[in-house]
Amino acid sequence: MNKYEVARVLSSIGLLLELKGESFFKAKAYYDAARTVEMLDEDIETVVYENRLGQLRGFGQALTSKVTELVTTGKMAYYERLQKTVPPGLIEMTKIPGLGAKRIRTIYESLGISTIDELKKACLDNRIASLKNFGRSMQQNILNGIENLDKIKNRFLYVRAEELAADILKDLKDGARVTAEVVGSLRRKTEIVSDIDIIAMLPGDTGSGEILDLFTGHRFVSEVVSTDDFKSSVVLANGMRCDLRMVSDSRYPYALYYFTGSRGHNKAMARLAEQKGLRIDESGLYRGDCRINISDEAEIFDLLGLQYIPPELRENTGEIEAALRSELPELVTGSDIRGILHVHTNYSDGTDSIEKLADYCVKEGYEYIGICDHSKSAHYAGGLSVEDIKRQHEEIDLLNEKYCSCSFRILKGIEVDILPDGSLDYDDDVLEWFDFVIASVHSSFRMDGDKMTRRVLTALENPHVNILGHPTGRLLLAREPYSIDIGAVLKKAAEKNVIIEINANPHRLDLDWRFCRPAKQSGCMFAINPDAHRSEEIDEIRFGLNVARKGWLTARDIVNTLGVREIMGLFREKRGI
DNA sequence: GCCGTTTTCGGCCCGACTGTTTTCAGTCG
């Protein structure tokens with residue numbers, strides 16, 4: 001059992017205790033313990049077997065014996081008992097904004113409501129508004145929250161779909177030695193997907209039976225919706241739909257093409273084919289009744305007189321016109337990225353030391369890492385006091401001496417809060433200490449649009465700000481972007497040479513790819529940042545690359561494709577140093 | 001539930017905000 005699994009159980013106990021109305025501090029003890037475990041630099045099993053759990057801060061007798069039981073037996077009796085005393089519907093309710101443990105408990109205890117369906121009905125019957133400290137407005141907010149939950153029911157984060165699809169695809173390829181690929185929105189790398197579509201090439205000599213058996217019998221499958229000789233549709237354990245379609249080798253490239261494109265892209269391609277006296281559909285490209293034989297998908301674009309259009313661009317946003325003129329951009333790739341910016345350490349809410357994060361970047365072949373912990377107002381995230389900053393900078397200086405021999409560099413950065421009035425969370429004389437500054441909004445999200453826009457524009461005026469962090473604050477499937485005039489923000493950023501972050505955290509993917517081209521047209525530069533809170537999350541930069549590619553960006557648009565000297569020069573120049 | 005002591009029990013993170021109230025309760029980051 002790894003440390004993250006243990007941490008999950010401990011956090012879950014914290015939530016259950018809150019829902020039961022136990023002392024918040026008792027719950028907090030479990031949350032704190034979860035975090036301590038997550039931050040362990042070594043294997044939790046080693047710590048347990050060497051009886052060193054009790055030496056960890058926040059681990060007394062109770063936690064030591066409970067976590068020992070969990071790690072050695074895979075179970076914790078206390079957790080299992082606790083789960084039985086709290087209806088699962090109450091845990092679901094914590095997803096409704098504005099409903100915390102106390103309100104959920106009030107609803108449960110005074111009205112006996114234990115599921116979201118019952119809660120919805122109670123709202124419609126006006127029974128919630130009459131509870132003490134609730135009221136009509138709160139009742140309406142709960143209803144809105146439930147509606148939003150319904151809306152996202154069959155929508156999933158790209159990252160989750162990608163993991164599942166990769167596993168299914170691997171099993172099909174390994175088990176049936178079949179050529180197969182993921183298509184649809186997942187291949188176009190959209191941030192939210194509703195299902196997984198897979199195309200497989202029918203083996204010439206055998207039937208489709210073996211592939212279908214592997215597919216419908218996959219361990220992720222919870223229900224087989226339909227199956228015939230060439231198609232199967234299943235529902236996976238997380239509720240996601242997954243479709244497999246099998247086609248002959250001659251139709252395979254066409255199926256790959258057809259089931260990848262967005263509807264708009266396919267329609268536009270069909271119109272183009274028509275203009276050229278051809279016809280295209282999922283089965284092939286036809287001249288009259290005669291299908292043109294091809295061996296791979298790229299030939300389709302050739303035959304239509306187009307530059308190859310990468311799947312990410314097939315959204316019908318001008319890619320066909322650009323491909324006709326051979327003006328598609330050369331999209332940025334992972335190998336263009338030379339350095340990593342925006343990484344949190346255990347000085348604030350990250351779990352790893354600066355050294356561990358830096359070592360990870362060295363191993364991955366990056367040339368620099370920009371450390372950016374939270375600023376002092378971010379109490380919840382252990383934001384850095386001025387003394388903490390001094391301590392961290394001393395440590396970075398020492399580490400940089402160590403990395404000097406391998407030409408790796410740690411940059412001193414900060415993710416400074418943009419306060420509600422647009423000022424920054426440190427004085428200018430403190431901001432001067434950093435190599436670069438990311439400014440982000442982390443509080444008062446519900447300001448009206450004018451106020452929020454003014455707030456961010458004011459922050460962009462500060463000469464110390466190099467990068468605007470997660471510019472719209474959205475959390476995919478969880479929180480809408482804050483109300484802001486993004487056009488005005490991008491214009492001001494371009495004017496003040498402030499780089500726009502493409503936050504690569506799969507829950508954020510902010511800036512949205514749809515804004516990348518307008519931002520570039522305004523004159524903005526971009527940084528693809530992982531916003532990592534532990535070393536492995538540095539790899540999440542690939543999700544940011546998806547955004548940049550979907551946004552038509554090239555390596556020249558991205559500042560962290562620069563070497564360390566060039567990027568330091570850029571940061572200094574902007575700040576007039 | 002843990003910690004640090006006053007070795008037996010009080011304190012544990014906090015400020016902004018929302019919505020409820022009419023001075024406060026609960027949520028959120």
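Numbers restart at 1 for each chain; the letters A, B, ... are given by sequence-line order, proteins then strands. When reading the values below, keep in mind they use all heavy atoms of this one structure, side chains included, and skip hydrogens, waters and symmetry mates.
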Holding to salt bridge (charged side-chain N to carboxylate O under 4.0 Å, His left out), I want the full list of residues that pass it with [X], two or more places apart in sequence or in another chain.
X        : answer
A:Lys26  : A:Glu22
A:Lys451 : none
A:Arg572 : none

Does A:Glu387 form a salt bridge (charged side-chain N to carboxylate O under 4.0 Å, His left out) with A:Lys390? I'd like the steps, not just the answer. CA-CA 5 Å; A:Glu387 284 312 307; A:Lys390 287 181 182 162; 3.5 Å; yes
Return whichever of A:Tyr30 or A:Phe24 has its heavy-atom-nearest nucleotide of DNA chain B closer to the 5' end. A:Tyr30
Closest-nucleotide 5' rank along DNA chain B - winner of A:Asn133 and A:Arg136: A:Arg136
Quantified in whole Å, what is the [atom1] atom distance between nucleotide [N] and nucleotide [M]?
N      : M      : atom1 : result
B:dG29 : B:dT22 : P     : 28 Å
B:dG26 : B:dT21 : P     : 12 Å
B:dG1  : B:dT8  : C1'   : 16 Å
B:dT5  : B:dC12 : P     : 14 Å
B:dA25 : B:dT20 : P     : 15 Å
B:dA16 : B:dG11 : C1'   : 24 Å
B:dC2  : B:dC13 : P     : 16 Å

Within the 3.5 Å criterion, strictly below it, is a donor on A:Arg534 or A:Tyr4 matched to an acceptor on the partner's side chain? yes
Contact list for [range], test salt bridge (charged side-chain N to carboxylate O under 4.0 Å, His left out), sequence neighbours left out:
range                       : result
residues 452-462 of chain A : A:Glu461-A:Lys492, A:Glu461-A:Lys496
residues 420-444 of chain A : A:Lys376-A:Asp425
residues 48-61 of chain A   : A:Glu42-A:Arg52, A:Glu50-A:Arg52

Base, sugar-phosphate alone, or nothing: which one does [X] contact when heavy atoms must sit under 4.0 Å apart?
X        : value
A:Glu22  : nothing
A:Tyr78  : sugar-phosphate
A:Asp32  : nothing
A:Lys66  : sugar-phosphate
A:Ser137 : sugar-phosphate

Test: side-chain hydrogen bond (donor to acceptor under 3.5 Å, both in side chains). Region: residues 138-150 of chain A. Which pairs qualify, not counting sequence neighbours? A:Asn126-A:Gln139, A:Gln140-A:Asn144, A:Asn148-A:Lys151
Donor-acceptor pairs under 3.5 Å, side chain of residues 476-489 of chain A to any protein atom, not counting sequence neighbours: which ones?
| residue | atom | partner | partner atom | Å |
| --- | --- | --- | --- | --- |
| A:Arg479 | NE | A:Gly473 | O | 3.2 |
| A:Arg479 | NH2 | A:Gly473 | O | 2.8 |
| A:Tyr482 | OH | A:His470 | O | 3.4 |
| A:Ser483 | OG | A:Gly449 | N | 3.4 |
| A:Asp485 | OD1 | A:Gly487 | N | 3.2 |
| A:Asp485 | OD1 | A:Ala488 | N | 3.1 |

For B:dT8, give its Watson-Crick or G-U wobble partner with both distances under 3.5 Å, or none. none
Criterion salt bridge (charged side-chain N to carboxylate O under 4.0 Å, His left out) on A:Glu312 and A:Arg549, from CA distance to verdict: CA-CA 7 Å; A:Glu312 295 96 317; A:Arg549 289 174 61 86; 2.6 Å; yes
In the 5' to 3' direction, the nucleotides of DNA chain B bounding the stretch that comes under 4.0 Å of a heavy atom in chain A are B:dG1 to B:dG29
Could you pull out all donor-acceptor pairs under 3.5 Å where a side-chain atom in residues 93-107 of chain A meets a protein atom, sequence neighbours excluded?
| residue | atom | partner | partner atom | Å |
| --- | --- | --- | --- | --- |
| A:Thr94 | OG1 | A:Ile91 | O | 2.5 |
| A:Lys95 | NZ | A:Glu92 | OE2 | 3.1 |
| A:Arg103 | NH1 | A:Gly98 | O | 3.1 |
| A:Arg105 | NH1 | A:Lys20 | O | 3.1 |
| A:Arg105 | NH1 | A:Glu109 | OE2 | 2.7 |
| A:Thr106 | OG1 | A:Lys102 | O | 2.9 |

Under a 4.0 Å heavy-atom cutoff, the residues of residues 103-117 of chain A touching DNA chain B are A:Arg103
Under a 4.0 Å heavy-atom cut-off, which of residues 93-102 of chain A touch DNA chain B? A:Pro97, A:Gly98, A:Leu99, A:Gly100, A:Ala101, A:Lys102
